[in-house]
Protein chains: 2
Amino acid sequence: MDDLRLKRQVCFALYAASRAVTGLYRPALERLGLTYPQYLVMLVLWEHGESSVKDLGAALMLDSGTLSPLLKRLETVGYLARRRDPADERSVLIGLTPRGEALRGEAATVPTTVARASGMAAKELSALRDTLVALTEAVTATAAHQTDGVRR
Amino acid sequence: MDDLRLKRQVCFALYAASRAVTGLYRPALERLGLTYPQYLVMLVLWEHGESSVKDLGAALMLDSGTLSPLLKRLETVGYLARRRDPADERSVLIGLTPRGEALRGEAATVPTTVARASGMAAKELSALRDTLVALTEAVTATAAHQTDGVRR
DNA sequence: TCACATTTGATTGTGCACAACTGAATCGTG
DNA sequence: CACGATTCAGTTGTGCACAATCAAATGTGA
C-alpha cells in the first residue's frame, strides 16, 4: 500500500516550491512589465540572440501552443520582433528590439535579489539546481521512452 | 553583474522539473479522470476527510479563485459533495462521495509507479523533498514579511 | 518528378493560477 | 446592542500549459 499523505509527495513539494519561488519573482518582474514565462523567453534571447520558435521551445520545454500567444504579447509591447527565416519559410525567427535588449540591464539584479530573499545559501541553491536538472532529465527520458514503447 | 544564463537559474530548474514530473503523473491520473491539482485535492480529502475550502487552500497554497471552479468540476463528476458549515454559514465544507472515497484504492499505486519512473532512489527523493519544503517555507516567510513591511 | 510523410508555427478548447473585486456572514470594540 | 472591520467563498479577467488539429513549407523515396 502506497503512502498517499500529501507531505510525503515529492511532486507536491515541487509544485508548491515552484509556485512559491515564481511568486517571489513576481514583484521584481512586474516592474519590468514581464510575467515569469515571458522573463524566461527574454533570458534565452539575451543569451543566444535571435532564435526560432522551435529553439525557444526546446530551451524552455514549451510548445507553440504556449509560445505563440506569449511571443505575440511581447511583440505587442515592443520587446520582440519576428521574421520568417529566409532559408526555411516554415521557421519564424524571434529577435530582440532595442527596447528588449535594453531591458537586460534592468533585469541584471533580479536573480541575486531573489536568491537572497530565498533564505538559502548559494552553495545549497546550486546543489538543489543540479538535483532538479538531473530529475528533469531522468523524467523526460522516461517519458520519451514510454511513448516510444507505446508506438512500437 | 548577475548571471542571467538560463541553466544557472534555480527558478527555471524548479519550473521545468515541476512540469516534467506533473507530466509523468498525467497518464496515470487520466485513468482516474483527474487532473494533477484535482488529484492533490483528493489527497487532502482522503487524508483529512471533510474540509472547508479555506483548509484545502491552506494545505495546497491555493486560493478560492483556483479552488472554486476546480471543486465545482469534481462535484459535477460525482467525487465530492459540498455543504454549508452549520456553525459558520460563511464556510463551505467539502466531503467525499462514496465514488470519491472508492477512488482512493485506484490511486494507491500512483506514487510508487511515478517514483520508479523518476529514475531516482527513494532516499534521494526524500532528501530532495525536504530541501524543497525548507525552500518553500523560507520563501513564503520572506514574502509574508515583505507584505507586512509594506503595509505598516 | 511526384506522391506522401514530416516539420514548423498557429489556432482552438480546457483547466489551472492569480489578482481584483463582490456579497454575505461573523467578529470586535465602543 | 451597533457598526465598521474582517473572513470566507465565489466571480471576472488575464495569462499560462497542454492536447488536438490545421495549413504551409520542406524533406524523402520510388
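Chain identifiers are assigned alphabetically (A, B, ...) following the order of the sequence lines, protein sequences preceding nucleic acid strands; residue numbering begins at 1 within each chain.
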### Query
Just wondering, are more than 12 heavy atoms of other shown residues or ligands nearer than 6.0 Å to CZ in B/R84?
yes
### Message
Check this one for me: any side-chain N or O of B/Q38 less than 4.0 Å away from OP1 or OP2 of C/dC16?
### Response
yes
### Query
Are any of B/K72's side-chain N or O atoms less than 4.0 Å away from OP1 or OP2 of D/dG10?
no
### Task
Determine which pairs satisfy salt bridge (charged side-chain N to carboxylate O under 4.0 Å, His left out) with at least one residue from residues 63-81 of chain B, sequence neighbours left out, and list them in order.
B/E75-B/R82
#### Entry: Protein-nucleotide distance (B/E75, atom CD; C/dG15, atom P), rounded to Å
15 Å
#### Entry: Spacing between A/L62 atom CG and D/dG15 atom P, to the nearest angstrom
17 Å
### Heavy-atom closest contact (A/G33 atom, A/Q38 atom, distance)
O-OE1, 3.9 Å
### Query
How does each nucleotide of nucleotides 19-29 of chain C score, in 5' to 3' order, for protein heavy atoms under 4.0 Å: base (B), sugar-phosphate only (S), or none (-)?
S-----BS---
### Task
Find the distance A/I94:CD1 to C/dT8:P and express it as a whole number of Å.
15 Å
### Message
Whether B/T22 contacts D/dA17 is assessed here as follows: a side-chain N or O lying under 4.0 Å from the phosphate OP1 or OP2. Is that the case?
### Response
no
### Query
Got a sec, which pairs hit salt bridge (charged side-chain N to carboxylate O under 4.0 Å, His left out) with one end in residues 45-55 of chain B, sequence neighbours left out?
B/E50-B/R83
## Note on the structure
Rounded to whole Å, OH of B/Y25 lies from P of D/dC18 at a distance of 16 Å
### Query
A/S68 side chain N/O closer than 4.0 Å to the phosphate oxygens (OP1, OP2) of C/dG9?
no
### Single-linkage hydrophobic cluster B/L4~B/V10, side-chain heavy atoms < 4.5 angstrom
yes
### Message
So which atom in B/A20 and which in A/V139 form the shortest heavy-atom distance, rounded to 0.1 Å?
### Response
O-CG1, 3.3 Å
### Message
For a quick test of reading the model: is some side-chain N or O of A/Y15 closer than 4.0 Å to OP1 or OP2 of C/dC16?
### Response
no
### Task
Could you state the atom-to-atom distance from CG of B/L67 to C1' of C/dG15 in whole Å?
13 Å
### Message
Measuring from the side chain of B/V92 (C-beta onward, heavy atoms only), which nucleotide among C/dC16, D/dC16, D/dA9 has the closest atom?
### Response
D/dA9
### Task
Identify the two heavy atoms, one from B/M61 and one from A/A16, that lie closest to each other, and give their separation to 0.1 Å.
CE-CB, 3.4 Å
### Task
Check every strand shown and say whether A/L70 touches a base, only sugar-phosphate, or nothing at a heavy-atom separation below 4.0 Å.
sugar-phosphate
### Spacing of OG belonging to B/S18 relative to CG belonging to A/L135, to within rounding of 0.5 Å
10.0 Å
### Query
Does a nitrogen or oxygen in the side chain of A/R73 sit under 4.0 Å from OP1 or OP2 of D/dT14?
no
### Task
Grab the CG-P distance between B/L71 and D/dG10 for me, whole Å please.
7 Å
### Task
Specify the residue among A/P37 and B/P69 whose closest nucleotide of DNA chain D lies further upstream toward the 5′ end.
B/P69
### Query
Between A/S91 and A/A20, who's closer to the 5' end of DNA chain C by nearest nucleotide?
A/S91
### Query
How close or far is atom C1' of D/dA17 from atom CZ of B/F12, stated in whole angstroms?
14 Å
### Nearest-angstrom distance from the residue atom CZ of A/R84 to C1' of D/dA25
9 Å
### Query
D/dG10 phosphate, OP1 or OP2: any side-chain N/O from B/R82 under 4.0 angstrom?
yes
